[in-house]
Amino acid sequence: MQSLTRIASDQVDSDLALRFSLSLLRKGPLLPLQMNESGLQQVAVPDQGEWPWCLMDDVRRETGVEIEPVLVPRDAIMLELNRVFDMASASAEQMLENMQDVGDLGREIEELSDLLDSENEAPVIRLVNTLITQALKERASDIHIEPFENKVLVRFRVDGVLHTVVSPPKAVQSAITGRIKVMAALDIAEKKRPQDGRFQVRIAGRDVDVRVSLLPTACGERVVMRLLDRGSRVLSLKELGMSDAELNGMKKAISSPHGIVLLTGPTGSGKTTTLYAALMNIDRQNCNVLTIEDPIEYQLDGVGQMQVQPKIGVTFAAGLRSILRQDPDVVMVGEIRDLETAEIAVQASLTGHLVFSTLHTNDALSAIVRLQDMGIEPYLIASSLVMVQAQRLVRNLCPDCKKSRELDGSDIKALSLSNDAIKEGDEVYDAVGCNRCMNTGYHGRIGVYESILVSDVMRQAIHDGKGLPTLRKLAAKEQMYTLRQDGVRHVKAGITSIDEVLRVSRMDYEVVEA
């Protein structure tokens with residue numbers, strides 16, 4: 001029996017698919033493909049779970065030929081179903097061409113219904129639905145609606161980079177913003193203050209949480225929608241792109257009976273994904289694992305997850321204080337933002353709890369200085385810290401169009417590496433661009449890491465209040481790889497490009513005597 005990881009557009013029998021209703025095909029789901037050379041009608045069915053034999057009987061009756069099932073991941077079938085049917089295949093640009101009436105903001109959705117079934121709604125409702133559907137189809141993490149003096153730009157953030165999708169007429173700006181406010185249960189009349197909200201939609205049977213942020217500007221309200229696909233699978237530590245040494249270090253930190261494991265990096269660098277992967281490696285059957293997050297991005301089996309709600313006084317500090325009264329073994333704090341949260345986390349680690357959390361610093365060792373700046377005493381940091389890991393996300397080269405070449409001297413100079421991790425003449429790859437990757441040359445992302453397990457020598461230096469130069473010198477002796485050095489590992493493997501590594505990392509630290 002044949003199996004596929006994804007479905008190409010030319011493999012689908014669109015004419016046959018359109019003979020059935022979208023709701024019927026989604027029940028399986030199943031999707032008619034082209035006949036094979038033997039004259040059998042191929043039908044894509046999920047590669048997990050029971051096959052929808054009753055639905056395939058419908059296909060058999062319609063075609064009058066025998067059926068050959070083809071195993072395909074469920075998500076791949078659903079996405080291709082969306083493409084075949086008009087609502088899913090329509091782009092925002094096509095929708096704007098057909099829009100005439102933009103005055104009707106429509107009604108507030110009282111119950112969760114699939115966006116693909118709302119094709120008879122008002123034009124502006126269909127436009128917003130299409131933007132969300134198209135964003136999910138193109139793997140976007142955020143939708144930006146940006147007003148300017150004479151135009152409006154809609155941009156998607158795909159693989160961490162913004163791409164302009166469409167430029168609606170200035171006349172529809174208020175209608176689009178108003179519709180999003182209705183969906184997020186925000187104040188439509190309020191246009192001078194920032195507002196935050198959220199709503200949930202269903203697209204092709206997949207539940208998607210949408211976080212909305214509105215910011216007043218001189219040219220109107222700027223809207224950013226963060227898309228969180230609740231059906232996405234939590235990645236394992238092995239899938240995050242860590243080297244063997246980094247993976248072993250993380251597993252060692254996770255197995256510690258107590259202490260603090262810190263992840264650092266800017267917003268959107270994958271810290272939460274790494275934290276979730278770490279929690280999934282813990283024995284949740286015999287441990288009480290609790291988290292306090294803002295927001296809860298994925299539901300984890302066997303983990304008690306608590307949402308920050310500042311409006312009613314549930315801050316990270318207040319939530320963490322309550323969690324510690326629930327007899328936890330492992331605690332995850334979404335972010336250490338202030339001294340109060342930092343102090344509670346440190347005390348929790350010193351009283352027998354393993355604490356995971358994040359900080360916003362540019363590199364791993366700066367987290368130690370950041371805790372000191374918050375007001376945590378060096379001896380407490382030295383006693384509690386188990387591991388610090390900085391991370392970034394680099395885009396994967398598209399496997400269908402990447403182009404190989406030999407490394408030259410200018411690349412070596414640009415990388416400014418202090419070792420011989422990569423040499424002139426080594427084979428590397430550059431981005432080109434094709435239809436599969438939307439002509440960006442990249443498809444998907446992988447992590448680069450800079451991690452340090454706190455050794456006894458490092459612990460003593462922290463206890464003594466040593467500065468960053470001394471800590472970096474000690475880390476270099478303990479063979480800590482910088483973000484750039486770890487990124488070069490992916491360059492040599494043909495996973496990413498030199499340009500991507502340069503984009504997300506600074507040059508190697510210059511180690512000096514303290």
Side-chain angles (χ1 to χ4, degrees), residues 142 184-187 190 193-200 209-215 224-226 228 230 258-276 278-279 282 287-300 303-361 366-377 380-381 384-386 388-389:
D142 302 85
L186 299 176
D187 186 352
E190 180 58 71
R193 295 181 181 178
Q195 295 190 73
D196 296 307
R198 65 181 60 206
F199 60 91
Q200 186 181 113
D209 287 327
V210 184
R211 287 188 292 157
V212 179
S213 173
L214 288 98
L215 182 71
V224 175
M225 292 186 283
R226 167 66 59 88
L228 300 173
R230 293 172 59 190
H258 55 79
I260 297 179
V261 177
L262 279 180
L263 300 183
T264 76
T267 300
S269 59
K271 300 186 299 296
T272 302
T273 300
T274 304
L275 283 176
Y276 283 168
L279 291 180
I282 290 172
C287 290
N288 184 17
V289 183
L290 299 175
T291 74
I292 173 76
E293 307 173 51
D294 185 24
I296 298 173
E297 296 190 13
Y298 300 99
Q299 296 289 340
L300 302 180
V303 177
Q305 296 172 267
M306 181 179 182
Q307 170 72 49
V308 168
Q309 301 183 66
K311 291 182 180 179
I312 59 173
V314 183
T315 61
F316 277 117
L320 181 55
R321 215 179 266 111
S322 298
I323 281 175
L324 293 177
R325 291 193 281 268
Q326 290 281 313
D327 186 31
D329 298 294
V330 179
V331 176
M332 192 266 271
V333 185
E335 183 183 345
I336 294 178
R337 296 177 178 173
D338 50 45
L339 175 60
E340 184 180 11
T341 307
E343 287 178 334
I344 299 171
V346 168
Q347 291 301 323
S349 70
L350 294 176
T351 53
H353 304 89
L354 181 60
V355 180
F356 293 89
S357 192
T358 70
L359 272 178
H360 283 169
T361 62
S366 293
I368 298 168
V369 178
R370 174 78 177 118
L371 289 174
Q372 293 175 352
D373 291 342
M374 282 184 173
I376 303 298
E377 294 293 337
L380 291 175
I381 300 173
S384 59
L385 203 57
V386 174
V388 188
Q389 177 173 281

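Note that the structure is predicted; figures quoted are calculated from it, not measured. Along the sequence shown, residues carry numbers from 1.
The line from CG of Asp142 to CE of Met225 is 10.0 Å long, rounded to the nearest 0.5 Å. Tyr298 OH to Leu279 CG: the interatomic distance, rounded to the nearest 0.5 Å, is 14.0 Å. Note: Gln326 CD to Asn288 CG = 7.5 Å, rounded to the nearest 0.5 Å. Rounding to the nearest 0.5 angstrom, the gap separating the CG atom in Asp209 from the CD atom in Gln200 is 5.0 Å. In this structure, Ile282 CD1 and Met332 CE are separated by 10.0 Å, a value rounded to the nearest 0.5 Å. We find the OG-CD1 distance between Ser357 and Ile336 to be 3.5 Å, quoted to the nearest 0.5 Å.
A heavy-atom distance below 4.5 Å is not found between the side chains of Val346 and Leu385. Within the 4.5 Å cutoff, no side-chain heavy atoms of Gln347 are placed close to those of Leu324. Leu262 places a side-chain heavy atom less than 4.5 Å from the side chain of Leu371. Residues Arg226 and Pro295 form no side-chain contact, since every pair of their non-hydrogen atoms from C-beta on lies 4.5 Å or further apart. Using a 4.5 Å heavy-atom threshold, the side chains of Glu293 and Leu275 count as separate.
Legend: salt bridge (Lys or Arg N to Asp or Glu O under 4.0 Å) pairs involving residues 332-344, not counting sequence neighbours, sorted by first then second residue: Asp294-Arg337, Arg321-Glu340, Glu335-Arg337. Screening residues 366-375 for side-chain hydrogen bond (donor to acceptor under 3.5 Å, both in side chains) gives Asp363-Ser366 as the qualifying pairs, with residues at least two apart or on separate chains.
What you find for Tyr276 and Glu297 is that their closest heavy atoms are OH-N, 3.3 Å. Of all heavy-atom pairs between Gly334 and Thr358, the closest is O-OG1, 2.7 Å. Between Ile292 and Gly319, the shortest heavy-atom contact is CD1-CA, 4.2 Å. Closest of all the heavy-atom pairs between Leu186 and Asp196 is CD2-O, 3.3 Å. Residue Pro328 comes nearest to Ile323 through the heavy atom pair CD-O, 3.4 Å, listed as atom of the first residue, atom of the second, then distance. Closest of all the heavy-atom pairs between Lys271 and Leu263 is O-CD1, 3.5 Å.
Residue Phe356 forms a side chain to side chain contact (heavy atoms under 4.5 Å, CB included) with just one option from Val330, Ile260, Thr274, and that option is Val330.
The closest donor-acceptor contact from the side chain of Gln195 to the backbone of Asp187 lies under 3.5 Å.
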